[in-house]
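Following: one structure in structure tokens, then a few remarks.
Note that the coordinates shown come from a computational prediction; the quantities given were computed from them, not determined experimentally. Sequential numbering from 1 along the given sequence is applied to the chain's residues.
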Amino acid sequence: MITPKEIEKYCENHSTREHEIFEALETATSTFAPKASHMQVGNLEGRFLSFFASASGVKRVLEFGTFTGCSSLHFALAIPEDGIITTLDRDPSAVAIAKHFWEKAGVRQKIESLVGDAVSSSLKIEEEIRAGTRTPYDLAFIDADKAGYPIYFERAVSCVKKGGWILVDNVLWSGRVLNPNEASDHAIHQFNESRKSDSRVETLLLPLRDGLTLCRIR
Ligand SMILES: C[S@@+](CC[C@H](N)C(=O)[O-])C[C@H]1O[C@@H](n2cnc3c(N)ncnc32)[C@H](O)[C@@H]1O
């Protein structure tokens, strides 16, 4: 993470309180995956996602990387009753936890969960949009495996309408993009470099949590 823990906590403590269900979700996630619970977007970034979605009038979200459902729950609480989140993940046991909390929060009906490889699920979605059997999305949120980011971004460009948004998480990769060493460091750095020269989108990379890129489709 980029932001010091105390700063992140201070920001959380001086923002509107989030829904109480997130505390229980965090506890359940730590029990389910003690070493991976940091994969959740967390309170501050989650609040940013819901704030952004409601401020931008987003109704339809395509998410790459459900895990135990933290970010999708933030979106679901922000979008209107007739909105929908399609969220992709290949781990059925994490998704089972997510479903339990979506149910508890009363937003289950707003979430379409597709379990399987995100590359193939998103290809199917892209084909359906092309065929006119699925409506394009207002926003895509990319937070699955980092090696897949380039392909997920291309899918997002095809699946999100003009003027819509693509948000990409962990783009600072704990600062390792500054001195890339491992394959994942290079993959994220290369992804960021490609956005700089991508004329299809207007891009803003923010140092929120582990780095969040906001792209607007021109
Ligand atoms: C960082 S976590 C997502 C966190 C989630 N957005 C949240 O806020 O709780 C990444 C997720 O991507 C999933 N994932 C990784 N590679 C995948 C792939 N090829 N297809 C589908 N899901 C994948 C993992 O199972 C994991 O649950």
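Side-chain N or O atoms of His189 include none that pairs as donor or acceptor with a backbone N or O of Asp185 at under 3.5 Å. Not a single donor-acceptor pair under 3.5 Å links the side chain of Arg108 to the backbone N or O of Lys99. Using modelled atom types, one side-chain atom of Lys146 and one backbone atom of Ala144 make a donor-acceptor pair closer than 3.5 Å. Checked by atom type and distance alone, the side chain of Lys161 never pairs as donor or acceptor with a backbone atom of Pro136 at under 3.5 Å. Although no hydrogens or angles enter the test, the distance criterion places no donor-acceptor pair under 3.5 Å between the side chain of Arg209 and the main chain of Leu44. Side chain of Lys104 to main chain of Ile21: no donor-acceptor pair is present (N/O by atom type, distance under 3.5 Å, no hydrogens or angles).
Ion pairing between Glu193 and Lys196 holds under the 4.0 Å rule for side-chain N and carboxylate O. The existence of a salt bridge linking Arg47 and Glu18 is excluded, since no basic side-chain nitrogen approaches an acidic carboxylate oxygen closer than 4.0 Å. Under a 4.0 Å N-O distance rule, the pair Glu112/Arg134 qualifies as a salt bridge.
Gln40 places a side-chain heavy atom less than 4.5 Å from the side chain of Glu26. Asn181 is not listed as a side-chain neighbour of Arg176, based on a closest heavy-atom distance of 4.5 Å or more. Looking at heavy atoms from C-beta onward, Trp165 lies out of side-chain contact with Asp138 at the 4.5 angstrom threshold. With a 4.5 Å cut-off on side-chain heavy atoms, Val119 and Leu123 do not count as touching. Here the side chains of Trp102 and Thr87 are in contact, with some heavy-atom distance below 4.5 Å. Ser71 has its side chain within reach of Val41: a pair of non-hydrogen atoms, C-beta onward, lies under 4.5 Å apart. No side-chain heavy atom of Glu154 sits less than 4.5 Å from a side-chain heavy atom of Pro150.
Around CG of Asn179, the count of heavy atoms belonging to other residues, nucleotides or ligands within 6.0 Å does not exceed 12. By the neighbour-count criterion of 12 heavy atoms within 6.0 Å, atom CD of Glu202 is sparsely surrounded, having that number or fewer from other residues, nucleotides or ligands. More than 12 non-hydrogen atoms from other residues, nucleotides or ligands lie less than 6.0 angstrom from CZ of Arg218.
Under the 4.5 Å side-chain heavy-atom criterion for Ile, Leu, Val, Met, Phe, Trp and Tyr, Phe22 and Val95 are members of distinct hydrophobic clusters. Both Tyr152 and Val171 are part of a single hydrophobic cluster, where members link through side-chain heavy atoms under 4.5 Å apart. By the criterion of side-chain heavy atoms lying less than 4.5 angstrom apart, applied directly or through intervening Ile, Leu, Val, Met, Phe, Trp or Tyr residues, Phe64 is grouped together with Phe153 in one hydrophobic cluster.
In this structure, CG in Asn43 is found 7.0 Å from SG in Cys70, a value given to the nearest 0.5 Å.
Between Gly175 and Ile2, the closest heavy-atom pair is N-CD1, 3.5 Å. Thr203 and Cys215 make their closest contact through OG1-SG, 3.4 Å (heavy atoms, listed as atom of the first residue, atom of the second, distance).
In this structure, Phe191 and Tyr149 have perpendicular ring planes: the angle between them is above 60°, well past the 30° mark.
Inspection of the Thr68 and Thr29 side chains reveals an N or O donor paired with an N or O acceptor under 3.5 Å.
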Steps toward side chain to side chain contact (heavy atoms under 4.5 Å, CB included) verdict (Arg195, Arg200): CA-CA 9 Å; Arg195 295 294 69 73; Arg200 299 169 299 174; 4.1 Å; yes
